[in-house]
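Right, one structure below, let's go through it.
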Amino acid sequence: MKKILIDINSIVPYFACGKINGIGRTTKELVESLSRIEDLPFEITLYSQNMKGIGGRNLDTKFKSYHLYYPNREKWNKALSFFPVREWMTRYDLMHIPHNFEYVHRPQQCVITLHDALFMKMEEKEFGHDHMRRQVPPLIRSCRRVITCSEYSKKDIVETMQVSPDKIDVIPWGVRHDQFYPSDDIEESLHFVKRRFNITRPYFLSVSCNAERKRSNILVQAYMELFKQQIPNHDLVLVWANPPFELLKEIEQSNISNRIHFLSNVRDEELRNFYQASTASFNPSSYEGFGLPILEAMACGTPAVTCRNSSLPEVGGDAALYLDEPVRDSLINMMILFEKKQLPLSDIRIESIKQSSKFTWEKTTQQTLSSYLRALNINT
């Protein structure tokens, strides 16, 4: 039986400190979903690498795991790529790297999940895009197959890296409908948010980070501008761990700092309550490879406000509410529509739940299995 090795190093932070980024989260969901399938057509094993011994054995799966007690740092990984240590240790036929890039000894035996080609399209100060532009395209051109999460990302990969479209499988992310679902009792969610975070007013929600393309600073500025036109009933809540100092200073000078809330270390069950209790979820990004917060919001029956660019319409479908450019003015107008209750919220809720139901981890997993079979030249 063929052996597939999945690199799960992107999951390690979850067990080390309880935090995980979007790529680690999708890797964790994929591995756990694969583990629930009986009679897999090949053997799946897990690979992790760090000095603390954190890895596959921390996951509750049926898969065998290999751990290399070796630093997981760029210079060490680069050195490791010159020697077939992973190959000797695991004897894999195919390795899946689900986190965009890794130094590997035999790229021709790899399937790479490249979540987007953002680094080829724009520059963000906080991310190593120059490094990615140098390292990722050669790997993508030499690996056996590529998985990406949207048709838009596939188009970008083909155009910017000169990769054949036949080599790329589009496999959208899923959403855990047992974790993110509509509430039968909104009051319970409202009570939780009030008790846990002392947020007492209706609120708009945004799940974000410091990436410039998220345009979260513009969302905050639009909300502050709304105060100059009218005093809104809604607060603004941002699940954003480390907003820039300049933005915090701007908020403090606006004298409405008590109406803007920044939260960090929010667990999934807490995040579900935040979605359920919010009037709307705002994600005014200028570029996304997928858009997981939009999908999570819709799965909770929450109106999702986003932009009609990149992959976002693939996720939002006809259910999302789309902003126009310039996005700041459009954000203000959208908030006013919610303030004045001029939107058909009941219809939006129904369409949002319907749209989110198209995305499941079971479907993602089955499509990933098909990609593995194509990479191994196994006919089903």
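- Looking at Ser33 and Thr365, their side chains do bring a donor and an acceptor atom within 3.5 Å of each other.
- There is a side-chain donor-acceptor pair under 3.5 Å between Ser10 and Thr27.
- Both tests do not hold together for Lys121 against Tyr287: distance to the six-membered ring centre under 6.0 Å, angle to the ring axis within 45°.
- Remark: the Gln49 side chain and the Asn77 side chain contain an N/O donor-acceptor pair separated by less than 3.5 Å.
- Under 4.0 Å is where a charged nitrogen must lie from a carboxylate oxygen, and between Arg106 and Glu87 no such pair does.
- Residues forming a salt bridge (charged side-chain N to carboxylate O under 4.0 Å, His left out) with Lys62 (at least two apart in sequence, or on another chain): none.
- The closest side-chain heavy-atom distance from Val12 to Asn72 is not below 4.5 Å.
- When the shell of 6.0 Å around CD of Glu188 is examined, it contains 12 or fewer heavy atoms from other residues, nucleotides or ligands.
- Comment: Lys214 engages Glu288 in a salt bridge, judged by a side-chain N to carboxylate O separation of less than 4.0 angstrom.
- Between Glu225 and Lys228 there is a salt bridge, since at least one side-chain N of the basic residue sits less than 4.0 Å from a carboxylate O of the acidic one.
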Q | CA sep, side-chain torsions, deciding dist, call: Phe197, Phe274, ring pair (Phe, Tyr, Trp, His ring centres under 6.0 Å) | A | CA-CA 10 Å; Phe197 294 98; Phe274 270 109; 5.0 Å; yes
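- Residues Arg25 and Glu296 are paired through a salt bridge, judged by an N-O separation under 4.0 Å between the basic side chain and the carboxylate.
- Classification of Lys3 and Asp93 as a salt-bridged pair fails, no side-chain N sitting under 4.0 Å from a carboxylate O.
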